[in-house]
Chemist: 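Shown below is the structure under consideration.
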Amino acid sequence: MIPCVDSATYLQRMLSLPRPGGENTLAFYEHRVGLICTDVKLMLLPLDDHLAHRGDGVFETVKYTGGRLYQLDAHLDRLKLSSQGIFLEPPCSWDELRDIIIEVAAAGKEKDGQMRILIGRGPGGFGIDPAESPASSLYVAAYRFVPKPEAWFAKGLKGFRTSIPAKQGYMARIKNANYLPNVLMTREAKERGADIPFCFDDVNNLAESAVANLCIVEKNGTLVVPEFTNSLQGTTLLRGIELVKSEVPVVFRTIPEADIFAAQEVILLGTGPDCVAIVSYEGRPIGSGKPGPVCDRLRRLIADDIVATGVPIRGLV
């Protein structure tokens, strides 16, 4: 028979349990509590938060390197759009949320890391009606991020066509907490011995990867970006385009699979890696089979931009 205990006994047992991966969490914040904490064993989510049992919420991930948060305001702008897309507001002002993110990063006391910001419908029950939750929830966590070595970028990544279809247009453009398709793509990549899944829409046009955007460079040097019909508008992708557009022609259009095989370069852009080359697709080399000049240039521009425009974290710069 399972014991039914008082809160003190339950808390003691809970705090004695191991927390796999907990060593990588630096600091966290929950809005109901209103405090920042560094003891990962207390980083908990109420089971009756609709974020937990319905996926009713939105999120963003922001990277910081050298004590600077990259594209913080662009991420917050997208978080605001995602929130509006599901009729959700944070439990504080957006300016307050920005300050909270910076403070949690500072509390982690490491120069390199990532921030996970989640806004949920909030606790209130186990039904599906959003009205069940009297107030929205907010969770912010800082966790370790180890930049990839130069050899990883020089080698490039292997891509493949995933069996998981692109999300429906409306939901694909909201960074919502239901990432099951993305999880399944990543699982399939490991099964296939590949790195990057490419998902396609229902008319066989490229959409995106599991957690990043994809684009191609044609033989004439044009950077071609998939239209954002079944994919999320990536903050790194859009910033990269802004940085490189004076040097490289850029167009937005549909990309059928045949264009991937014919491309001179295929590039992945996302918060974690910034910019990295896909050097093969479905076992066939892309271009020379090595990272190309557009990818290399984008990567350098983004690296310089982090230093030039990154939001400094108090005590870490």
Side-chain angles (χ1 to χ4, degrees), residues 20-21 24-25 45 49-63 71 74-75 78-79 81-83 85-86 88 114-121 139-141 143-146 148 152 157-216 225-238 240 255 257 260 266-276 278 281-282:
N24 293 318
T25 298
L45 177 72
D49 190 331
H50 285 216
L51 177 68
H53 64 82
R54 298 292 177 182
D56 187 1
V58 294
F59 79 99
E60 280 290 332
T61 303
V62 182
K63 181 174 70 175
Q71 290 286 91
H75 280 284
R78 188 171 65 180
L79 185 62
L81 288 174
S82 294
S83 296
I86 64 169
L88 178 65
Q114 288 191 330
M115 305 298 301
R116 180 64 47 83
I117 305 104
L118 299 109
I119 303 172
R121 193 67 64 183
Y139 309 93
V140 179
Y143 54 98
R144 286 194 173 91
F145 169 77
V146 180
K148 296 291 186 181
W152 184 82
L157 304 176
K158 298 182 290 183
F160 76 102
R161 179 173 182 140
T162 179
S163 64
I164 308 300
K167 295 177 183 176
Q168 293 178 331
Y170 173 70
M171 295 307 294
R173 295 189 293 273
I174 296 172
K175 198 171 179 69
N176 63 85
N178 185 349
Y179 250 45
L180 186 56
N182 313 64
V183 170
L184 295 176
M185 287 184 212
T186 303
R187 178 182 181 276
E188 188 177 18
K190 291 191 175 182
E191 286 186 337
R192 289 278 302 269
D195 302 303
I196 301 299
F198 287 46
C199 74
F200 292 78
D201 64 21
D202 56 2
V203 289
N204 203 37
N205 290 318
L206 177 64
E208 58 186 350
S209 187
V211 293
N213 293 102
L214 293 158
C215 53
I216 68 172
V225 183
E227 296 173 333
F228 297 122
T229 53
N230 291 82
S231 63
L232 190 70
Q233 294 191 25
T235 56
T236 304
L237 171 65
L238 292 177
I255 300 178
E257 189 173 32
I260 298 172
V266 177
I267 303 170
L268 180 135
L269 293 113
T271 296
D274 292 333
C275 178
V276 62
I278 309 296
Y281 177 72
E282 287 291 327

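The figures here come from the full heavy-atom set of this structure, side chains too, leaving out hydrogens, waters and symmetry mates.
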Chemist: Test of understanding: with salt bridge (charged side-chain N to carboxylate O under 4.0 Å, His left out), list the residues that count as partners of Glu227, not counting sequence neighbours.
Modeler: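 So Glu227 forms no salt bridge (charged side-chain N to carboxylate O under 4.0 Å, His left out) with any residue.
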Chemist: For Leu269 and Cys215, work out which heavy atoms get closest and say how close.
Modeler: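 Shortest heavy-atom separation between Leu269 and Cys215 comes out as CD1-SG, 3.6 Å.
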Chemist: Asn213 vs Thr236, test: side chain to side chain contact (heavy atoms under 4.5 Å, CB included). Steps then yes/no.
Modeler: CA-CA 9 Å; Asn213 293 102; Thr236 304; over 6 Å; no
Chemist: With sequence neighbours left out, write down each residue that passes salt bridge (charged side-chain N to carboxylate O under 4.0 Å, His left out) with Arg173, or none if nothing qualifies.
Modeler: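 In terms of salt bridge (charged side-chain N to carboxylate O under 4.0 Å, His left out), with neighbours along the sequence ignored, Arg173 is linked to no residue.
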Chemist: Ile278 vs Phe160, test: side chain to side chain contact (heavy atoms under 4.5 Å, CB included). Steps then yes/no.
Modeler: CA-CA 10 Å; Ile278 309 296; Phe160 76 102; over 6 Å; no
Chemist: Under the criterion side chain to side chain contact (heavy atoms under 4.5 Å, CB included), I'd like the reasoning laid out for Thr235 against Arg78: C-alpha separation, chi angles, the key distance, then a yes or no.
Modeler: CA-CA 8 Å; Thr235 56; Arg78 188 171 65 180; 3.9 Å; yes
Chemist: State plainly whether the residues Lys175 and Glu60 are in salt-bridge range, i.e. N to O under 4.0 Å.
Modeler: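 No, no charged N to carboxylate O under 4.0 Å.
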Chemist: Does either side chain, that of Arg187 or that of Asn182, offer a donor lying less than 3.5 Å from an acceptor on the other one?
Modeler: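 Side chains of Arg187 and Asn182: no pair found under 3.5 Å.
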Chemist: Does anything in residues 195-212 pair up under salt bridge (Lys or Arg N to Asp or Glu O under 4.0 Å), and if so which pairs, sequence neighbours excluded?
Modeler: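 Checked against salt bridge (Lys or Arg N to Asp or Glu O under 4.0 Å) - neighbours excluded - no pair reaches residues 195-212.
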Chemist: Evaluate the side-chain proximity of Val183 to Met185: yes if any heavy-atom separation is below 4.5 Å, no if none is.
Modeler: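 With C-beta onward as the side chain, the pair stays apart.
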Chemist: Short question: side chain of Asp56, backbone of Leu51 - any donor-acceptor pair under 3.5 Å?
Modeler: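 No, because the side chain of Asp56 does not come within donor-acceptor range (under 3.5 Å) of the backbone of Leu51.
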Chemist: So do Phe228 and Leu238 actually touch side chain to side chain, heavy atoms under 4.5 Å?
Modeler: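 In contact.
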Chemist: Whether the Glu188 and Thr162 side chains hold a donor-acceptor pair (N or O, under 3.5 Å, no angle test) is what I'd like checked.
Modeler: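 Yes.
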Chemist: Kindly indicate, with the supporting measurements, whether the criterion salt bridge (Lys or Arg N to Asp or Glu O under 4.0 Å) is fulfilled by Glu257 and Arg161.
Modeler: CA-CA 9 Å; Glu257 189 173 32; Arg161 179 173 182 140; 3.0 Å; yes
Chemist: Using the test side-chain contact (heavy atoms from CB on, under 4.5 Å), find all partners of Ala141 that sit at least two apart in sequence or belong to another chain.
Modeler: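 Applying side-chain contact (heavy atoms from CB on, under 4.5 Å) to Ala141 gives Phe28, Met43.
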Chemist: Can you tell me how far the OG atom of Ser83 sits from the CG atom of Leu88, to the nearest 0.5 Å?
Modeler: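 That separation rounds to 5.0 Å.
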Chemist: Could you measure the distance from the CG atom of Leu157 to the NZ atom of Lys148? Nearest 0.5 Å is fine.
Modeler: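 It comes to 8.5 Å.
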Chemist: Who passes side-chain contact (heavy atoms from CB on, under 4.5 Å) against Ser209, sequence neighbours left out?
Modeler: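 For Ser209, the residues satisfying side-chain contact (heavy atoms from CB on, under 4.5 Å) (neighbours in sequence not counted) are Ile196, Pro197, Leu214, Leu268.
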Chemist: Distance only, no hydrogens: is a donor on one side chain within 3.5 Å (strictly under) of an acceptor on the other, for Tyr139 and Asp49?
Modeler: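 Note: Tyr139 and Asp49 side chains meet the donor-acceptor criterion.
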Chemist: Of all heavy-atom pairs between Thr61 and Tyr143, which one has the smallest distance, and what is that distance?
Modeler: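 Between these two residues, the closest heavy atoms are CG2-OH, 3.4 Å.
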Chemist: Do Ile117 and Val62 come within less than 4.5 Å of each other through their side chains, counting heavy atoms only?
Modeler: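 Yes, their side chains come closer than 4.5 Å.
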Chemist: Quick check against the 3.5 Å criterion: does Lys63 have a side-chain atom that pairs as donor or acceptor with the backbone of Thr271?
Modeler: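 A pair under 3.5 Å: yes.
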Chemist: Working to the nearest 0.5 Å, report the span between CD of Gln168 and CD1 of Ile174.
Modeler: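 These two atoms lie 11.0 Å from each other.
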Chemist: Can you find a pair of side-chain heavy atoms, one from Val276 and one from Ile267, that are under 4.5 Å apart?
Modeler: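 Side chain of Val276 against side chain of Ile267, heavy atoms only: no contact under 4.5 Å found.
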Chemist: Taking Gly57's backbone N and O only, do any of them form a donor-acceptor pair with Arg121's side chain (distance below 3.5 Å, no angle check)?
Modeler: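 No.
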Chemist: I'd like to know whether Met171 forms a side chain to side chain contact (heavy atoms under 4.5 Å, CB included) with Asn176, so could you lay out the CA-CA distance, the side-chain angles of the two residues, the decisive distance to 0.1 Å, and finally the verdict.
Modeler: CA-CA 8 Å; Met171 295 307 294; Asn176 63 85; 3.5 Å; yes
Chemist: For residues 174-215, which residue pairs pass the ring pair (Phe, Tyr, Trp, His ring centres under 6.0 Å) check, not counting sequence neighbours?
Modeler: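 Residue pairs with at least one partner in residues 174-215: Phe59-Tyr179, Phe198-Tyr281.
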Chemist: Do Pro181 and Ile164 have side chains that approach each other closer than 4.5 Å (heavy atoms only, starting at C-beta)?
Modeler: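 A side-chain contact under 4.5 Å exists here.
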Chemist: Are the side chains of Val140 and Met115 in touch, meaning some heavy atoms are under 4.5 Å apart?
Modeler: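 Yes, side chains in contact.
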Chemist: For Cys199 and Pro165, work out which heavy atoms get closest and say how close.
Modeler: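 Minimum heavy-atom separation between Cys199 and Pro165: CB-C, 4.4 Å.
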Chemist: So which atom in Ala166 and which in Ala207 form the shortest heavy-atom distance, rounded to 0.1 Å?
Modeler: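 Minimum heavy-atom contact is CB-CB, 3.6 Å.
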